[in-house]
Amino acid sequence: MEWRRTHFCGVVTEELAGQEVTLNGWVNRRRDLGGMIFVDLRDRFGLIQIVFDPSNLSEEVFAQAEQLRSEFVIAVQGLVQLRPEGQANPHLPTGKVEVHARNLTILSQAKTPPFEIERAEAVDESLRLKYRYLHLRSRELQDAIALRHGVMQEARNFLNKHHFLEIETPLLIRSTPEGARDFIVPSRVHPGEFYALPQSPQMFKQLLMISGFDRYYQMARCFRDEDLRADRQPEFTQIDVEMSFVEREDVMSLMEEMILHIIEKIKGITINGPVPRMTYDEAIRRFGSDKPDTRFGLELVDLTDLLQGSGFRVFSSTISQGGAIRGLNGETCGNFTRREIDELADKAEQWGAKGLIWMAVEEDKVRSPIAKFLTEEELQAIVGRLQGKPGDLLLIVADEYKLASEVLGRLRLLLAERLGLIPEGRYDLLWVVDWPLLEYDEEAGRYVAAHHPFTAPVDEDLALLESDPGRVRAKAYDLVMNGVELGGGSIRIANRATQEKMFKALGMSMEEAAAQFGYFMEAFEYGAPPHGGIAFGFDRLVMLLSGRDSIRDVIAFPKTVSARDLMIDAPAPVSAGQLNELKIKMQD
RNA sequence: GGAGCCGUGGUGUAGUUGGUUAACACGCCGGCCUGUCACGCCGGAGAUCGCGAGUUCGAGUCUCGUCGGUUCCGCCA
């Protein structure tokens, strides 16, 4: 028979009734009634029921149909007919019709798969990853990967329309000391020297601005040799964007338009701009996070001023050391058991707090292990400031301001989840702006870039770069969606003098800076336009839009948390010959 | 680097205070079955309980180690 298809399985609907079709696909399921066989045929577009009815079939074809098993690849030629009265399947888009087979070709037999494709979601992840090509046959992953494609195309459509050029940058580049651990690649031609895979195309895209391309984007593959998480893979994709002759507002307004465009096209949800902006300081103060989830309340409050001169040593000593007393009202959590509260306290300590203070608000009193150390006025002031009502559980952390805030910020997320306060199906966007340019790294004993070393300082803070680096704000912005950092960017430094100051603030000597970044700073001397950009975590964006909770689900061939590919079994040793050629010796 | 959880036929699970035939569902194989769609009915095969030590008369069950998966902390400019 001529086996090449005329239609996709998933599109065979009543409009095709009466037509002769040829379909190709996989046997999703067969129902052999003895005298009659039904087969659900599957392709990317869906399922269609095939009927093998011996009354209008040759014996040979029926006998062949009896041989069919799950995941056989077949071609079926037959007649599309409306199903008999009362036999429609409302669960299938193709459920009003069926294809009465006349001819069948088995294109490929299949072993019984290690798991049922339809139930793959429940199977142990290591088995699914080993047979990723089978898991990918499932409806869930087919949809996720198709959605990924859609998001990528919509991003391209939008950027193309706004005069961006898609330009590729090299994957074999130079290792730089700042930032994440690089994957390094040895060079046969230059033994003892190594390329690095890019953590992002940062300097290349800036150089493209200096080259005059004005607007660049790339679906950039990026690599970081750091430990994995549900939302972190060692290789991932960014929507990488850079623009010339722009200020912060230009980048933010265009990029939020892009994200809103994608959400509208992909999810059919219209969100009206502009996306709210919040300073970094406000985010920490109100939410204890630089990427606040604004889909619910439970905001933090400050209690420091209420507890000046408190007789309770934890409070007084924290305040005298310049720390803060911060609080969070765990509404309706007053009925938490001792064990549940201890769990919260354990978490708080795990996150670096010295302890967690709690107060259960009751009708006529406040129940708390520290109640006896506080005056009635102090207790009432705390309850008042936190708007505690009977049944509430007040959580308090006394510590260095940022640490106390962040610990409570994490508890806030924990409680919101436990209390079911997080609404489904909502996409809350927020720009976080005015980031600190530098953060002091105790371990390294120096300042490190909060964003990256090419971020421009806010103009009026420029002078502080040498006198008080920790207080310099950056022309940086992060786009946050539902408490997930979707992307971040900044206006860049575009002149040599400022870039040199930045490297100096990072504790780099001029010699080191010249050795690492000399080519880059030299480029600034040949006419560099003011420029800035942003990079979005593409996998995370797709994860959020597909309602998944791991980026593994939206990457065709992901790695495990230990960075292995279980399908191809990578990484793997290489031959002694390969190592020889690279002049690499293994240590024991 | 650290912590938690999981690992029992092909798959998902159950397995009591440690006690001798390791159970159930799905899948698979065979038989019957002409309107099923999670088809049904009957029968069958299939597991040294991730691996290695230890405790014990006896370990799927307890202990330690180890491997794998996963979640989180550190890390990820």
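So that the names make sense, note that chain A is the first sequence line, chain B the second, and so on, each numbered from 1. Worth saying up front: this structure is predicted, and the values here are computed from it rather than measured.
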(Q) Any side-chain to backbone donor/acceptor pair from A/Asp441 onto A/Ala444? Under 3.5 Å, distance only. (A)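 Yes, the answer is positive, given that a donor and an acceptor are paired below the 3.5 Å cut-off.
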
Q: Could you tell me whether the side chain of A/Arg446 and the main chain of A/Leu506 form a donor-acceptor pair under 3.5 Å?
A: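 Yes; judged by distance alone, with no hydrogens or angles, the pair exists.
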
If I pick the [atom1] atom on [M] and the same atom on [N], what distance separates them, to the nearest angstrom?
{"N": "B/G12", "M": "B/U56", "atom1": "C1'", "answer": "33 Å"}
{"N": "B/A25", "M": "B/C62", "atom1": "P", "answer": "26 Å"}
{"N": "B/U16", "M": "B/G52", "atom1": "P", "answer": "23 Å"}
{"N": "B/G15", "M": "B/C28", "atom1": "C1'", "answer": "24 Å"}
{"N": "B/C67", "M": "B/A22", "atom1": "C1'", "answer": "25 Å"}
{"N": "B/U11", "M": "B/A47", "atom1": "P", "answer": "12 Å"}

Rounded to whole angstrom units, what separation is found between the [atom1] atom of [X] and the [atom2] atom of [N]?
{"X": "A/Leu129", "N": "B/U70", "atom1": "CG", "atom2": "P", "value": "6 Å"}
{"X": "A/Leu413", "N": "B/C72", "atom1": "CG", "atom2": "P", "value": "13 Å"}
{"X": "A/Leu228", "N": "B/G74", "atom1": "CG", "atom2": "C1'", "value": "14 Å"}
{"X": "A/Glu406", "N": "B/C73", "atom1": "CD", "atom2": "C1'", "value": "14 Å"}
{"X": "A/Asp225", "N": "B/C76", "atom1": "CG", "atom2": "P", "value": "12 Å"}
{"X": "A/Phe115", "N": "B/G69", "atom1": "CZ", "atom2": "C1'", "value": "14 Å"}
{"X": "A/Glu66", "N": "B/C33", "atom1": "CD", "atom2": "P", "value": "11 Å"}
{"X": "A/Trp351", "N": "B/C75", "atom1": "CH2", "atom2": "C1'", "value": "17 Å"}

Q. Without hydrogens or angle criteria, can the side chains of A/Gln233 and A/Asp539 be said to hold a donor-acceptor pair below 3.5 Å?
A. no

Q.
Looking only at side-chain N and O atoms, does A/Thr94 offer a donor or acceptor that is under 3.5 Å from a partner on A/Gln49?
A. no

Q) For every nucleotide of nucleotides 35-45 of chain B, 5' to 3': is a protein heavy atom under 4.0 Å from its base (B), only from its sugar-phosphate (S), or from neither (-)? A) BBBBB------

Q.
Please report the interatomic distance CD(A/Glu242) to CG(A/Leu208), rounded to the nearest 0.5 Å.
A. 9.0 Å

Q. Counting only side-chain N and O atoms of A/Ser562, is one of them less than 4.0 Å from OP1 or OP2 of B/G69?
A.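 Yes, A/Ser562 has a side-chain N/O under 4.0 Å of OP1/OP2 on B/G69.
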
Q: Check whether any side-chain nitrogen or oxygen of A/Arg540 sits under 4.0 Å from OP1 or OP2 of B/C76, and answer yes or no.
A: no

Which part of the nucleic acid, if any, lies within contact of [X], taking any heavy atom under 4.0 Å across all strands shown: a base, the sugar-phosphate backbone alone, or nothing?
{"X": "A/Glu116", "value": "base"}
{"X": "A/Arg552", "value": "sugar-phosphate"}
{"X": "A/Val123", "value": "sugar-phosphate"}
{"X": "A/Pro113", "value": "nothing"}
{"X": "A/Leu127", "value": "sugar-phosphate"}

Q) So which one's nearest nucleotide on RNA chain B is more toward 5', A/Asp549 or A/Asp227? A) A/Asp549

Q: Would you mind telling me which residue lines up with the more 5' stretch of RNA chain B, A/Pro114 or A/Ala180, judged by nearest nucleotide?
A: A/Pro114

Q.
Parallel, tilted or perpendicular: which one describes the rings of A/Tyr131 and A/Tyr133, with boundaries at 30° and 60°?
A.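 Ring orientation, 0 to 90° scale: perpendicular.
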
Q) For A/Tyr477, which residues count as a ring pair (Phe, Tyr, Trp, His ring centres under 6.0 Å) partner, sequence neighbours excluded? A)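 Ring pair (Phe, Tyr, Trp, His ring centres under 6.0 Å) list for A/Tyr477, sorted by chain: A/Trp431.
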
**Q.** Heavy atoms from other residues, nucleotides or ligands near CD of A/Glu66 exceed 12 (cutoff 6.0 Å)
**A.** yes

Q: Might you confirm whether atom CZ of A/Phe296 has over 12 heavy atoms from other residues, nucleotides or ligands at distances under 6.0 Å?
A: yes

Q | Under-3.5 Å donor-acceptor pair between A/Asp124 side chain and B/G7 base | A | no

(Q) Does A/Arg224 contact B/C76 through a side-chain donor or acceptor facing the base, at a distance under 3.5 Å? (A)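 Result: no qualifying N/O pair found.
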
